[in-house]
Amino acid sequence: MGSTNSTLSKIPNVEELVQETGFTPAHIVRLYDRFEALDKEKTGHLRPQDFGAINRLAINPIGDRIIGAFFSPGQETVDFHSFVRILAHFRPADKKRPKDPSMPEPVNSRTSKLKFAFQLYDQDKDGKISRAELLQVLRSMLEMQVTEEQLESIADRTIQEADLDTDDAISFEEFRKSLEKVNIDHKMSIRFLR
Amino acid sequence: MALHSPRGSRSFLERGLLLLVMLIFLEGTVLTLGAASSPDISAQDNTGGGDDQRGIEGRHGHANYTKKAFPVLSLDYRHIHVPFEISLWVLLASLMKLGFHLIPRLSSIVPESCLLIVVGLLVGGLIKLAGEEVPPVLDSNLFFLCLLPPIILDAGYFLPIRPFMENIGTILMFAVVGTLWNAFFVGGLLYAVCQIEGTYLSQVELLPCLLFGSIISAVDPVAVLAVFEEIHINELLHILVFGESLLNDAVTVVLYHLFEEYSDAGEVTPMDVVLGVICFLIVSLGGIAVGTIYGILAAFTSRFTSHTRVIEPLFVFVYSYMAYLSAEMFHLSGIMALIACGAVMRPYVEANISHKSHTTVKYFLKMWSSVSETLIFIFLGVATVAGPHAWNWTFVSVTVILCLVSRVIGVVGLTFIINKFRIVKLTTKDQFIVAYGGLRGAIAFSLGYLLDKDLFPMRTMFLTAIITEIFFTVFVQGMTIKPLVDLLAVKKKQEAKRSINEEIHTQFLDHLLTGIEDICGHYGHHHWKDKLNRFNKKYIKKCLIAGERYKEPQLIAFYHKMEFKQAIELVESGGGVKLPSAMPSQVSMQNIQPKKLPPAVAERALPQFTKGREEEIRKILRSNLQKTRQRLRSYNRHTLVADPFEDGWNDFILKKQRMIELEKKVRLADSPSLVKPD
């Protein structure tokens with residue numbers, strides 16, 4: 001208990017974080033320990049190289065995209081607040097939340113999770129997954145095992161299936177619709193974070 | 001109304017005739033089976049006849065036998081009576097299954113299992129009325145060695161691995177802790193009730209009661225499958241109840257043997273309890289290990305079958321059955337061995353065997369399991385009529401009530417604990433279905449039947465109570481669960497097929513979550529799954545999958561399968577596409593490709609097409625694609641998607657390759673004069 005409190009006092013604006021993300025102070029402490037472990041040079045910020053040092057992330061097909069998601073456009077470093085905010089997306093959704101339209105969408109709701117995943121596809125941030133972006137994702141996931149033609153036919157087929165307004169790209173709504181049968185809460189939550 | 005009657009009366013006449021034929025057949029069956037069970041008379045006749053035959057052939061030269069007229073036609077039933085009876089029973093079971101679906105309203109109200117038990121009761125009753133002795137059909141050997149394995153293999157081979165593994169913790173809790181709770185609660189309270197004055201049951205001791213409790217507390221996979229498949233409940237609940245019914249076999253085996261062994265001694269020491277726990281671990285893990293070994297052997301064997309495709313299905317069946325028998329030999333859990341074998345061998349075997357063999361395996365498994373299930377229920381009915389009964393109001397009614405109560409308490413209590421660890425919590429509705437779906441079946445009856453008459457004088461009372469409990473759960477709970485599911489608006493099974501979007505995105509999300517877990521430094525669910533997948537890809541697939549196919553990523557295999565199916569459906573449905581006869585059939589397959597590709601190629605391959613006609617065709621094809629996608633198939637364990645043109649796979653691949661080459665050639669040849677269509 002004592003170490004928790006001392007760690008908590010080191011983190012600025014803890015209450016704000018708790019409010020915003022819904023993590024408990026214990027979780028914030030755990031995440032802070034992890035943050036410090038990653039931040040080898042103790043600068044208080046993480047750089048892409050720090051993420052790159054995680055070995056398993058290097059062999060992840062979309063590892064670089066995930067790392068990129070932590071950094072807001074134009075920023076070179078990630079501070080603890082942004083780190084926690086991004087990870088808050090993966091908190092299991094709260095069932096008991098009342099549907100209050102005036103409050104902003106909580107960061108771990110189904111829509112926010114899907115939005116986060118969508119942004120990983122949509123690298124140029126134009127709100128649509130174009131055929132080229134989809135091809136890039138497929139290429140990285142399937143590594144070297146398929147021919148270019150097969151990739152193209154899969155990409156074409158995927159867009160054809162999901163594209164309802166025939167603009168040859170997948171918008172967020174179409175993305176959401178194609179995943180309506182998947183239990184996103186279950187699929188995009190980490191039990192560790194509660 | 002007047003217009004309907006001629007047609008209605010004709011179909012009514014047909015149905016009536018069919019029913020009449022079946023009834024006559026039934027009567028004939030009954031008499032034959034009844035006659036067969038009294039072997040003395042028939043044996044005498046036949047041995048007399050046999051002797052004469054042998055006499056004529058063997059003592060040809062002897063003078064001291066009277067020459068009879070050469071028997072042109074003789075009846076020798078004894079010779080073939082065993083296979084004949086078996087075939088007769090199987091035929092009866094299948095005809096009954098046919099018959100139920102002729103009466104439309106009946107099959108939607110009453111689940112098939114109930115109807116089959118009633119048929120069994122009728123057959124048993126008819127045999128008894130005919131004065132013959134009812135044959136002891138639900139012999140434990142027959143049940144455990146012949147009737148049960150096909151059902152379990154079918155369930156294990158087609159077990160949906162992903163939801164099963166995701167919920168494995170919950171399933172194990174229900175299976176192990178839940179069954180233990182049920183056994184002790186029912187057994188203990190029964191003993192307490194028996195000790196009450198005035199029930200004339202005081203000679204029933206504690207250990208036999210606990211033994212009875214352990215027999216009756218296990219949820220039965222056959223009954224669960226039979227009832228649940230008709231209510232189309234959502235995947236989570238289905239896998240929870242079904243998984244529980246499969247995994248509680250180990251607990252049941254251990255408890256049964258433990259109490260049976262020590263009922264003689266009269267007491268169980270703490271040492272025995274410790275041994276029991278160790279035994280449980282050995283039984284379950286040993287069963288799984290045996291199954292896995294046989295599964296790997298089967299997968300490895302299938303790697304070399306490319307030249308003898310015809311016997312490929314045989315390996316699947318024989319290896320699985322051997323796994324079951326080997327496990328039973330060591331008193332390990334045969335059910336778990338069978339499930340492990342089927343689940344382990346499936347991905348590798350399917351990558352190796354031909355399309356036809358795959359269909360054969362599927363058909364045979366479903367056929368055997370269907371027949372087995374039908375036979376089990378009919379035999380239950382017959383055994384009810386046959387067996388000696390000792391009805392005791394107190395015992396039976398207390399059993400039924402206690403089973404219900406303990407199930408409800410068990411489920412609610414366990415869910416309370418489990419929900420602390422689950423991401424997707426189990427709601428009250430879910431708990432109700434899990435509790436209500438805990439059906440008992442023939443396994444309980446067979447285990448009771450196995451009890452030694454001398455050691456357990458109250459065996460007949462136990463059997464009566466078991467049968468009553470089975471009837472209660474199958475009839476009352478089985479019949480009412482469907483309306484209750486509708487009433488409570490429990491989520492139903494998702495019907496439509498998995499789209500390629502879902503497949504791609506779920507894989508993407510898997511990678512994403514693995515990455516996030518690595519960033520958090522947390523060794524969670526995804527981390528281990530990813531590790532297992534990598535290990536699988538690197539080492540195991542290389543050993544067990546023939547040729548180059550082990551390199552094929554899952555997404556590609558899925559995509560090919562999907563494209564193939566849609567193409568076949570399109571061609572099969574005819575689609576209403578009126579293409580001019582001058583066009584070769586290859587091109588119609590080609591047009592299935594997404595709309596970006598066809599314009600340039602369609603121009604080349606169909607020079608006589610006008611733009612308008614092309615658009616029309618493309619529109620028709622596209623709408624057909626959407627139509628086939630929307631066609632909903634409701635999942636029933638015993639129906640199979642029609643697989644037309646099974647041998648079209650190779651041709652299709654060839655055609656596709658040819659088309660791609662054609663495309664390339666055409667593009668190269670005409671590149672300077674390539675005109676973009678507007």
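Per chain, numbering begins at 1; letters A, B, ... match sequence-line order.
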request  = Could you have a look at B:D530, B:I519, B:L509 and say which one has the most heavy-atom pairs with chain A under 4.5 angstrom?
outcome  =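 Among the listed options, the one with the most contacts to chain A is B:I519.
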
Which region of [X], side chain (C-beta onward) or backbone (N, CA, C, O), has a non-hydrogen atom less than 4.5 Å from a non-hydrogen atom of chain B, or is it both or neither?
X      : answer
A:I67  : neither
A:F35  : neither
A:I86  : neither
A:I184 : side chain
A:I59  : both
A:I66  : side chain

task = Counting only heavy atoms closer than 4.5 Å, note whether B:E166 contacts chain A via side chain, backbone, both or neither.
result =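 For B:E166, the side chain is the part near chain A, not the backbone.
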
ask   = Think B:K531 forms a cation-pi with B:F535, using NZ or CZ under 6.0 Å from the six-ring centre and within 45 degrees of its axis?
value =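 Here B:K531 fails the 6.0 Å and 45° test against B:F535.
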
task = Apply side-chain contact (heavy atoms from CB on, under 4.5 Å) to the pair B:L426 and B:L236, showing each step before the final yes or no.
result = CA-CA 10 Å; B:L426 292 175; B:L236 173 68; 4.2 Å; yes

query = Is the A:F83 ring parallel, tilted or perpendicular to the A:F51 ring (thresholds 30°, 60°)?
reply =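 Answer is tilted, since the angle falls between 30° and 60°.
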
query = If every non-hydrogen atom of A:R65 is compared with every non-hydrogen atom of A:Y121, which pair is closest and at what distance?
reply =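 Nearest pair, atom of A:R65 first, then A:Y121: NH1-O, 3.6 Å.
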
query = Do we see a donor-acceptor contact under 3.5 Å between the side chains of A:H27 and A:T24?
reply =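 Yes, because at least one side-chain N or O of A:H27 sits under 3.5 Å from a partner of the opposite role on A:T24.
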
ask   = Does the pair A:R47/A:E41 count as a salt bridge with the N-to-O cut at 4.0 Å?
value =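 Yes, this pair counts.
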
